Student: 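Just dropping this structure here.
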Amino acid sequence: MNLINTFFNIPVFLNSLPQLLWGLVVTIQIGITSILCGLVGGLFLAVARLYAPSAFTLLIRVYIDIFRSIPLLVLLIVVYYALPFVGIRLSPFLSAVTALSLVSAAYTAEIFRAGIEAVPHGQFEASAALGLSNRNTMVDIILPQAIRIVIPPLTNNCINVMKDTALASVVAMPDLLKQATQAQALNANPTPLIGAALIYIALLWPMVAVVTRLERHFNRGKR
Amino acid sequence: MEKTTSPLISIRGLTKAYGTFTVLHGIDLDVAEGEVVCVIGPSGSGKSTLIRCINHLEAFQPDSSITVDGIRVAPGPALAKVRAEVGMVFQSFNLFPHMTVLRNVMIAPIRVRKTPEADAERKARELLARVGISEQAEKFPGQLSGGQQQRVAIARALAMEPRVLLFDEPTSALDPEMVGEVLDVMRKLAGTGVTMVIVTHEMGFARQVADRVIFMDGGRLVESGKPSDIFDNPKEARTRGFLRAVLNH
Ligand SMILES: Nc1ncnc2c1ncn2[C@@H]1O[C@H](COP(=O)(O)OP(=O)(O)O)[C@@H](O)[C@H]1O
Ligand SMILES: [Mg+2]
């Protein structure tokens with residue numbers, strides 16, 4: 001009884017629910033913005049890596065490796081607390097989106113590269129022999145075939161980005177986790193934290209299930 | 001068929017190396033408009049490399065020169081023009097698996113020649129009828145037999161109305177019972193006056209269809225002549241050896 005009153009206190013939960021839902025909205029905003037920026041950036045990097053002059057390709061490779069190595073929390077703190085010293089002052093929202101997008105773009109670029117490389121070389125040759133431009137080759141021939149391969153890892157990456165939005169709470173972003181910790185302090189009861197955890201699970205479980213199904217589906221499609 | 005006008009394909013001193021390994025040693029070759037040339041020779045002799053240089057799927061040494069219809073084959077904007085004029089059929093078909101057969105044939109004219117969809121579709125259906133697979137137009141390549149896929153690949157190349165068609169062992173990946181249907185299509189094509197350069201191991205076909213047969217060995221053009229000369233009276237010992245090996249096989 002005591003345990004339930006402590007961790008699953010219904011009045012406290014209902015009391016903090018509006019606050020948690022506002023936090024959820026912020027979390028989703030950060031997540032979706034970062035996912036979209038990461039997708040666009042990653043696709044650009046992957047295609048540029050194929051066609052750009054070798055100096056650029058090297059730069060892109062360095063970018064990808066750096067942003068896959070740096071801990072996201074460190075990057076976020078650098079963006080929010082260090083950049084102001086050189087005059088770049090980003091809001092908590094922009095800091096979070098910038099850090100998440102930079103990292104997501106690096107992972108997404110690797111995912112797209114793997115997808116493009118999995119398309120048989122003969123497809124590039126047939127496109128070239130027909131006189132298709134690089135752009136048409138990518139858009140009409142290669143990417144539609146790569147997309148099957150990249151959808152499960154891309155969805156996985158989306159899940160990771162959504163999870164990592166919780167780090168935004170350290171730069172005072174009123175996201176789901178931040179709202180929950182504030183409500184906990186206000187009510188002197190941890191129920192809001194449990195509530196937030198459940199909301200994260202409710203948000204991400206369907207995506208996890210989708211990935212599992214997609215992976216099974218695409219593996220069955222393989223000969 | 002030999003004409004006195006300037007050749008459609010002109011290859012001069014074509015040299016190609018992978019690192020220190022030279023694959024083509026200064027090949028000279030002219031192909032006249034409307035000519036059907038069959039390239040024969042042992043595996044690894046550079047036949048594929050030779051025809052893949054013509055549309056610059058392979059880069060070659062810069063002091064070599066290839067021109068197609070007067071256009072120099074080299075990286076740059078003119079290359080798109082050359083490739084639009086030169087169709088290619090691969091040993092492994094290389095159809096686009098995510099598009100229907102019809103779409104496979106339509107896509108290049110639409111994108112490269114800016115042909116309107118409706119015209120491209122009419123043309124594509126015509127070509128599919130010509131290679132005998134109209135009923136398969138709405139299917140995907142994976143649903144077709146090898147022979148049918150290769151005939152689609154020929155239709156896809158023809159859709160660009162190329163001046164030249166290059167074939168790289170178009171029947172080598174096929175089950176034996178499907179070789180005939182593809183050779184039949186190619187035989188009909190040869191009769192329409194389109195210029196063809198065909199790498200093949202089908203000696204009967206080469207003898208029957210070629211205006212000229214070229215024998216390659218070790219990255220060199222060893223002997224070239226009318227089919228009857230090459231097959232019945234080869235001058236070079238290496239040609240004789242090769243023919244003896246394949247014909248007695
Ligand atoms: N990408 C490559 N790298 C190195 N060597 C190659 C490559 N492609 C072909 N070769 C070599 O070039 C030679 C000619 O190959 P190819 O033109 O395919 O011969 P063919 O078509 O007559 O069988 C062969 O010895 C082959 O091993
Ligand atoms: Mg070959």
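Because the structure is predicted, anything quoted here is derived from the model rather than measured.
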Student: What part of B:R113 gets within 4.5 angstrom of chain A, counting heavy atoms only: side chain, backbone, both, or neither?
Tutor: neither
Student: Under a 4.5 Å cutoff for heavy-atom pairs, which residue among A:P120, A:S127, A:S133, A:G122 has the most contacts with chain B?
Tutor: A:G122
Student: Supply the atom-to-atom distance B:M99 CE to A:I141 CD1, rounded to the nearest 0.5 angstrom.
Tutor: 3.5 Å
Student: Just checking B:R12: does its CZ atom have more than 12 heavy atoms from other residues, nucleotides or ligands closer to it than 6.0 angstrom?
Tutor: yes
Student: In Å, rounded to the nearest 0.5 Å, how long is the span from CZ of B:R111 to CG of A:N136?
Tutor: 5.5 Å
Student: Looking at side-chain heavy atoms only, is the closest gap between A:F124 and B:L57 below 4.5 Å?
Tutor: no
Student: So for B:F96, is it side chain, backbone, both, or neither that comes closer than 4.5 Å to the heavy atoms of chain A?
Tutor: both
Student: Below 4.5 Å, heavy-atom pairs only: which of B:P97, B:S92, B:A157 has the largest tally toward chain A?
Tutor: B:P97
Student: Closest heavy-atom contact between B:R83 and A:A128?
Tutor: CD-O, 3.0 Å
Student: Any heavy-atom pair between the side chains of A:L130 and B:R156 that's under 4.5 Å?
Tutor: yes
Student: Under the side-chain hydrogen bond (donor to acceptor under 3.5 Å, both in side chains) test, which residues partner A:S34, sequence neighbours left out?
Tutor: none
Student: If I compare all heavy atoms of B:N55 with all of A:A129, which pair ends up nearest, and what's the gap?
Tutor: ND2-CB, 3.8 Å
Student: Pick whichever of B:M88, B:M160, B:H56, B:H98 has the most heavy-atom pairs under 4.5 Å with chain A.
Tutor: B:H98
Student: Side chain from CB out, backbone as N, CA, C, O: work out which of these in B:L79 comes under 4.5 Å of a heavy atom of chain A, or both, or neither.
Tutor: neither
Student: With a cut-off of 6.0 Å (strictly less than), are more than 12 heavy atoms of other residues, nucleotides or ligands near NZ of B:K123?
Tutor: yes
Student: For chain A, find which of B:I107, B:V82, B:L166, B:N94 contributes the most heavy-atom pairs closer than 4.5 angstrom.
Tutor: B:N94
Student: Do other residues, nucleotides or ligands put more than 12 heavy atoms under 6.0 Å from A:F56 CZ?
Tutor: no
Student: Does atom CZ (A:F44) have a neighbourhood of more than 12 heavy atoms from anything else shown, all under 6.0 Å?
Tutor: no
